[in-house]
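Comments concern the structure below.
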Amino acid sequence: MSAKFQSVRGMRDVLPDEVATWQHVEQVVRDVLSAYAYKEVRLPVVEVAELFTHAIGDATDVVSKEMYTFADRSGEQLSLRPEGTAGCVRAVIQNGLVHRGGPGHKLWYQGPMFRYEKPQRGRYRCFNQIGAEVYGFPGPGVDAELVCLCARIWRLLGLEGIRLEVNTLATRDTRDTYRAVLLDYFQANADQLDADSQVRLEKNVLRILDSKNPEMRDLIEQAPALIDYLDTESEQHFGQFCELLDTAGVAYTVNPRLVRGLDYYSRTVFEFITESLGAQGTICGGGRYDYLVEQQGGPPTPAVGFSMGLERIVELVSLKTPVSGVQPHVYVVARGEVAVSAAFGLCERLRDELPWLRIEQNAGGGSFKAQFKRADRSGASFAMVIGEGEVQQQLVSLKSLRTDDEQAQVAMDALSKELNTLRAQSRL
RNA sequence: GUGGGCGUAGCUCAGUUGGUUAGAGCACCGGAUUGUGGCUUCGGAGGUCGGGGGUUCGAGACCCCUCGCUCACCCCA
């Protein structure tokens, strides 16, 4: 029970039973990204620590208390990436992919992210995201495209009851103006703020709007809304974004209090939320970050992206439609030294001749009875029996494990043909 | 980081107010059937009762500490 070594807190193993669902989800997401002509990039898991503090904002929770940061042997401060956008922006600048319409303008990535948080359902210290980022396009079309792309993924995965919330954070200037107004408002009502929001007052006023504390609901609803302070440019951008969603038939609600926790967002932000996963209901979040590329040392380049949490999506999928794993077509039962060795050679030959064939050899010996038991449990359609008699006559016995068909004998030379036939008849 | 619940076999869980050698089901291995799975049936193996300390004649049970899981806050995907 008490193993000597355990996985690190908040980091879990995905076991074979779950992997089938993971692969299914990943395949659907990849296919949809391809359908929208996004190209995959593979990025390092480790970056210079400053990349994240600079991009995400050192007052954010993610940077100030959730990063895995360490000095490497040269003393350089490195971090395990807590999210994907900062590294992608770095790669895009470093490799000169920022030019509009160039090869790097629509990208996606997949991989583990790390945050030192207290684990709970749907929240892990090592978790996997698939994200997409678009560079070089200021218009709302790409914002809407990303949202539609996600909505398509949920449809293809058969997920229902996923709510889309959208908002706009306007331009940097507008937001600065608004922040000052909001600060005045909450400072004037500071006595009504709960402890968390007192802290937010110092760090990031906008986050007060996000509070779940029902006692503060009135105060928040009375607060000035950013939407009333929008500059015309942002207002148009957001309006067109919403219109495109309408055109595409993607349902959404505007949530003026949707703020998001990373500093780099501007204009469009969105979240897909489910009620089926407990407190960690956001399965995908994203938005526009028009200033980040320039802030990180690249040419001024508007950008927008999202990332989705695979653990949460996989859990959602498996609650609804469990995906069964891959089972062998044939399980090879062999007994006796001569037969086992003949079976080994035969299996390799069949894999040469029939690349589609999934064939499992019995391992660990055992009686025919025991081997048949394993054959049954493997889920294989057929048991292929090779004993001394079969070897002498250069044939195998094929027994269907899922039907009452009579056991048949097939010459070893004719096996490939027979298996092809069975496949054509959908009996494998 | 804060708070609640829970840790007994690979898994799901019993275990009386503290009392002898800690149990069941499923799964696993073997036999009944010396070359045939699923359904039976019989047997076997498998536990430092999460870890450490304490109270006691005696602790799986009570107390303290610790680790882990879990749910919520917070944060976010």
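Chain A is the first sequence line, chain B the second, and so forth, proteins listed ahead of strands; every chain is numbered from 1.
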*Touch check for A/E83, heavy atoms < 4.0 angstrom, all strands: base, sugar-phosphate only, or nothing?*
nothing
*Between B/rG35, B/rC73, B/rG37, spot the one nearest the side chain of A/L401, thanks.*
B/rG37
*Is any NZ, NE, NH1 or NH2 atom of the basic residue among A/E40 and A/R42 found under 4.0 Å from an Asp or Glu carboxylate oxygen of the other?*
yes
*A/K65 or A/F127, whichever maps to the more 5' nucleotide of RNA chain B*: A/K65
*Touch check for A/G389, heavy atoms < 4.0 angstrom, all strands: base, sugar-phosphate only, or nothing?*
base
*Does the side chain of A/R123 get closer than 4.0 angstrom to OP1 or OP2 of B/rU70 through an N or O atom?*
no
*Base-pairing mate for B/rG38 - Watson-Crick or G-U, with both contacts under 3.5 Å*: none
*asked:* OP1 or OP2 of B/rA77 versus the side-chain N and O atoms of A/R260: is any pair under 4.0 Å?
replied: yes
*Heavy atoms under 4.0 Å, any strand shown: does A/R312 hit a base, just sugar-phosphate, or nothing?*
base
*Quick one: which of B/rG37, B/rA77, B/rC76 gets closest to the side chain of A/K399?*
B/rG37
*asked:* I want to know whether A/F382 and A/H329 have ring centres closer than 6.0 Å.
replied: no
*In whole angstrom, give me the gap between the P atoms of B/rG7 and B/rG58.*
26 Å
_Interatomic distance where CE belongs to A/M384 and C1' belongs to B/rG35 [whole Å]_ = 17 Å
*From the options B/rC74, B/rU36, B/rG38, select the nucleotide whose nearest atom is closest to the side chain of A/D61.*
B/rC74
*Expressed in whole Å, how much space separates the P atoms belonging to B/rA9 and B/rA24?*
14 Å
*Counting Watson-Crick and G-U wobble pairs only, both distances under 3.5 Å, name the nucleotide matched with B/rC73, or none.*
B/rG1
*Which part of the nucleic acid, if any, lies within reach of A/R12 when heavy atoms closer than 4.0 Å are counted: base, sugar-phosphate only, or nothing?*
nothing
*Do the charged groups of A/K373 and A/D376 touch, with an N to O distance under 4.0 Å?*
no
*Pick the C1' atom in B/rG23 and in B/rU16, then give their distance to the nearest Å.*
14 Å
*Regarding A/Q280 and A/Y124, is there a side-chain donor-to-acceptor distance under 3.5 Å anywhere?*
no
*Short side-chain donor-acceptor distance under 3.5 Å, A/Y252 and A/D246*: yes
*asked:* For a quick check of understanding: with a heavy-atom distance under 4.0 Å over all strands, which category does A/R9 fall into, base, sugar-phosphate or nothing?
replied: sugar-phosphate
*Contact class for A/G281 (heavy atom, under 4.0 Å): base, sugar-phosphate, or nothing?*
nothing
*Write down the distance between CD1 (A/I313) and P (B/rA77), rounded to a whole number of angstrom.*
12 Å
*Using a heavy-atom cut-off of under 4.0 Å over every strand shown, decide if A/A370 touches base, sugar-phosphate, or nothing.*
sugar-phosphate
*Euclidean distance, atom CD1 of residue A/I56 to atom C1' of B/rC75 [Å, nearest integer]*: 13 Å
*To the nearest angstrom, how far is A/M67 atom CE from B/rC75 atom P?*
18 Å
*Taking a pair as Watson-Crick or G-U wobble with both distances under 3.5 Å, which nucleotide is matched to B/rA24?*
B/rU12
*Closest to the A/Q280 side chain: B/rG38, B/rG1, B/rC74?*
B/rC74
*Please determine, by modelled atom types, if A/Y109 and A/E133 share a side-chain donor-acceptor pair under 3.5 angstrom.*
yes
_Mate of B/rG43 where both pairing distances stay under 3.5 Å, Watson-Crick or G-U_ = B/rC29
*asked:* I want to verify a distance call: between B/rA77, B/rC75, B/rC71, whose nearest atom is closest to the A/R207 side chain?
replied: B/rC75
*Using the rule for Phe, Tyr, His and the six-membered ring of Trp, do A/F368 and B/rU36 stack at under 5.5 Å and under 30°?*
no
*Looking at B/rU36, B/rC74, B/rC76, which one has an atom nearest to any side-chain atom of A/Q120?*
B/rC74
*Given the P atoms of B/rC29 and B/rG54, what is the spacing between them in whole Å?*
43 Å
*Record whether the side chain of A/K369 comes under 3.5 Å of the base of B/rU33 through a donor-acceptor pair of N or O atoms.*
no
*Salt-bridge contact A/R163-A/E275 (side-chain N to carboxylate O under 4.0 Å)*: yes
*In terms of side-chain heavy atoms, does A/E311 have a donor or acceptor partner in A/N128 at a distance below 3.5 Å?*
yes
*How close or far is atom P of B/rC74 from atom CD1 of A/I208, stated in whole angstroms?*
13 Å
*Can you find a pair of side-chain heavy atoms, one from A/L182 and one from A/Y178, that are under 4.5 Å apart?*
yes
*Give the rounded distance in Å between these two atoms: CZ of A/R335 and P of B/rG37.*
14 Å
*asked:* Could you identify the nucleotide paired to B/rG7, looking across every strand shown and requiring Watson-Crick or G-U wobble geometry with both distances under 3.5 Å?
replied: B/rC67
*Which of the following nucleotides, B/rC76, B/rC73, B/rC29, is nearest to the side chain of A/V62?*
B/rC76
*What interatomic distance, in whole Å, is found between C1' of B/rG1 and the corresponding atom of B/rC75?*
11 Å
*Tell me the partner of B/rG58, counting only Watson-Crick (N1-N3 plus N6-O4 or O6-N4) or G-U wobble (N1-O2 and O6-N3) with both under 3.5 Å; none if nothing fits.*
none
*A/Q407 side-chain proximity, nearest of B/rU36, B/rG37, B/rA72*: B/rU36
*Mind checking A/E390 for me? I need base, sugar-phosphate or nothing, with any heavy atom below 4.0 Å counting as a touch.*
base
*Among B/rC75, B/rA77, B/rA72, which nucleotide sits nearest the side chain of A/T282?*
B/rA77
_Please report the distance, rounded to the nearest Å, between CZ in A/R377 and C1' in B/rG37._
9 Å
*asked:* On RNA chain B, does the nearest nucleotide to A/R125 precede the nearest nucleotide to A/T403 from the 5' side, or the other way round? Give the residue.
replied: A/T403
*Remember a base hit wins even if backbone is also touched, and classify A/V385 as base, sugar-phosphate or nothing at under 4.0 Å, heavy atoms.*
base
